[in-house]
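A short write-up of the structure that comes next.
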Amino acid sequence: MESPSTPSSSIAARWNPTDQAVDLVIDGRSVIDIVDPQKQWGVSPFARRFVRAAALQALAEYRGVLSDRDERLSGTELEIAVCRACGDLGCGNLAVDVERTAETVVWRQPHWAGTVDEDDEDDDEPDANDPESLFPQVLVFSRAEYDAALADTERLIAHVGWSRGHGRGCRMA
């Protein structure tokens, strides 16, 4: 699959005091505002409610470091919105497939992380409010801008502080 070569979307990071999270902002809107406007299930994987190690692991994955990740994720999956309570993959996290080049980073095909479509013909029509339908099918970012957003994410994680303890598990499951 050939990727688009010209960046078409902007990306930045900002602190979200309501969710106590670092949000990635695409074309002026946070990922969470795009995929979960009612704030019912999703939060940034960089939420302060998760232990610092989890936020740093997510940051490494955004940078393309795929060691020590959940084996249910493919090598191209990147979780962009996670369960508000625990962030666990089993609770239903939204992901995109990511492709990195020297000049661009491409996010495509939003889907529920860790799932495999066995037969596309049997799939129901997606609901207009389903996060998979709400998120753009393809986003192309400048590699320099993407890397700067991740550097800002790292700075914000260090600045606001994180719990170093262990997570509690999901109460939603």
Side-chain angles (χ1 to χ4, degrees), residues 1-50 52-67 69-70 73-84 87 89 92-114 126 129-162:
M1 182 182 302
E2 193 169 315
S3 70
S5 59
T6 305
S8 58
S9 296
S10 66
I11 187 167
R14 73 172 179 217
W15 179 247
N16 175 337
T18 303
D19 281 342
Q20 292 286 298
V22 179
D23 283 343
L24 289 177
V25 178
I26 297 174
D27 297 332
R29 290 183 66 205
S30 78
V31 169
I32 299 306
D33 287 344
I34 296 168
V35 300
D36 186 19
Q38 302 301 316
K39 306 287 190 260
Q40 295 178 345
W41 66 269
V43 71
S44 166
F46 310 113
R48 200 165 137 185
R49 67 192 70 186
F50 309 131
R52 185 171 192 265
L56 293 175
Q57 175 65 32
L59 184 60
E61 292 175 13
Y62 272 72
R63 288 180 166 146
V65 178
L66 304 179
S67 62
R69 73 188 309 220
D70 192 305
L73 294 171
S74 77
T76 62
E77 281 183 297
L78 184 65
E79 295 172 282
I80 60 171
V82 301
C83 169
R84 292 184 81 74
L89 181 62
N93 295 346
L94 191 68
V96 292
D97 289 324
V98 64
E99 178 184 334
R100 296 168 188 84
T101 70
E103 293 84 28
T104 62
V105 175
V106 180
W107 288 3
R108 66 178 83 228
Q109 298 173 330
H111 60 277
W112 295 106
N129 292 319
D130 187 308
E132 291 175 298
S133 300
L134 295 171
F135 201 73
Q137 290 298 303
V138 177
L139 293 169
V140 183
F141 308 108
S142 149
R143 181 64 185 252
E145 187 177 36
Y146 185 85
D147 289 344
L150 297 184
D152 287 345
T153 299
E154 184 172 29
R155 181 184 54 76
L156 288 164
I157 288 171
H159 178 71
V160 297
W162 247 251

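What you see is a predicted model; the values in this text were computed from it and never measured. Values reported hereafter were calculated over all heavy atoms of this structure, with side chains retained and with hydrogens, waters and symmetry mates removed.
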Those residues at least two apart in sequence (or on a different chain) that pass salt bridge (charged side-chain N to carboxylate O under 4.0 Å, His left out) with D19 are R84

Identify, with sequence neighbours excluded, every residue that meets ring-ring contact (aromatic ring centres under 6.0 Å, His included) alongside F135.
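For F135, no residue satisfies ring-ring contact (aromatic ring centres under 6.0 Å, His included) once neighbours in sequence are set aside.
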
Should D152 and W15 be marked as a side-chain contact (heavy atoms from CB on, under 4.5 Å) after you check the CA-CA gap, both sets of side-chain angles, and the distance that decides it?
CA-CA 10 Å; D152 287 345; W15 179 247; over 6 Å; no

Can you see which heavy atom on [X] is nearest to which on [Y], and at what distance?
{"X": "L134", "Y": "P37", "result": "CD1-CD, 4.0 Å"}
{"X": "A47", "Y": "V43", "result": "CB-CG2, 3.9 Å"}
{"X": "P7", "Y": "F141", "result": "CB-C, 3.8 Å"}
{"X": "L66", "Y": "G75", "result": "CD1-O, 3.2 Å"}
{"X": "I80", "Y": "V31", "result": "O-CG1, 3.7 Å"}
{"X": "W41", "Y": "P131", "result": "CZ2-CG, 3.5 Å"}

Can you measure from [atom1] ([X]) to [atom2] ([Y]) and round to the nearest 0.5 angstrom?
{"X": "E154", "Y": "F46", "atom1": "CD", "atom2": "CZ", "value": "10.5 Å"}
{"X": "F50", "Y": "L56", "atom1": "CZ", "atom2": "CG", "value": "14.0 Å"}
{"X": "L24", "Y": "I11", "atom1": "CG", "atom2": "CD1", "value": "5.0 Å"}
{"X": "R48", "Y": "L156", "atom1": "CZ", "atom2": "CG", "value": "12.0 Å"}
{"X": "R49", "Y": "C83", "atom1": "CZ", "atom2": "SG", "value": "9.0 Å"}

Taking the six-membered ring for Trp, are W107 and Y146 parallel (under 30°), tilted (30 to 60°) or perpendicular (over 60°)?
perpendicular

Could you point out which residue of V98, L150, V105 forms a side-chain contact (heavy atoms from CB on, under 4.5 Å) with Y62?
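Single side-chain contact (heavy atoms from CB on, under 4.5 Å) partner of Y62 among V98, L150, V105: L150.
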
Are side-chain heavy atoms of [X] and [Y] found at a separation under 4.5 Å?
{"X": "R108", "Y": "Q137", "result": "no"}
{"X": "E77", "Y": "D97", "result": "yes"}
{"X": "L139", "Y": "I26", "result": "yes"}
{"X": "E132", "Y": "L94", "result": "yes"}

Would the distance check show the side chain of T104 and the main-chain N or O of V106 forming a donor-acceptor pair, the cut-off being under 3.5 Å?
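Looks like no, no N/O pair under 3.5 Å.
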
Flag, side chain of H159 to backbone of I157, donor-acceptor distance under 3.5 Å:
no

Where at least one partner belongs to residues 138-151, residue pairs that pass salt bridge (Lys or Arg N to Asp or Glu O under 4.0 Å), sequence neighbours excluded:
R143-D147

Which residues pass the side chain to side chain donor-acceptor pair (under 3.5 Å) test with S8, sequence neighbours left out?
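Checked S8 against side chain to side chain donor-acceptor pair (under 3.5 Å); zero matches.
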
Would you please name every residue forming a side chain to side chain donor-acceptor pair (under 3.5 Å) with N93, sequence neighbours left out?
E79

Pairs where residues 21-34 contributes a residue and the test side chain to side chain donor-acceptor pair (under 3.5 Å) is met, not counting sequence neighbours
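Pairs touching residues 21-34 that pass the test: S9-D27, S10-D27, N16-D23, S30-D33, D33-K39.
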
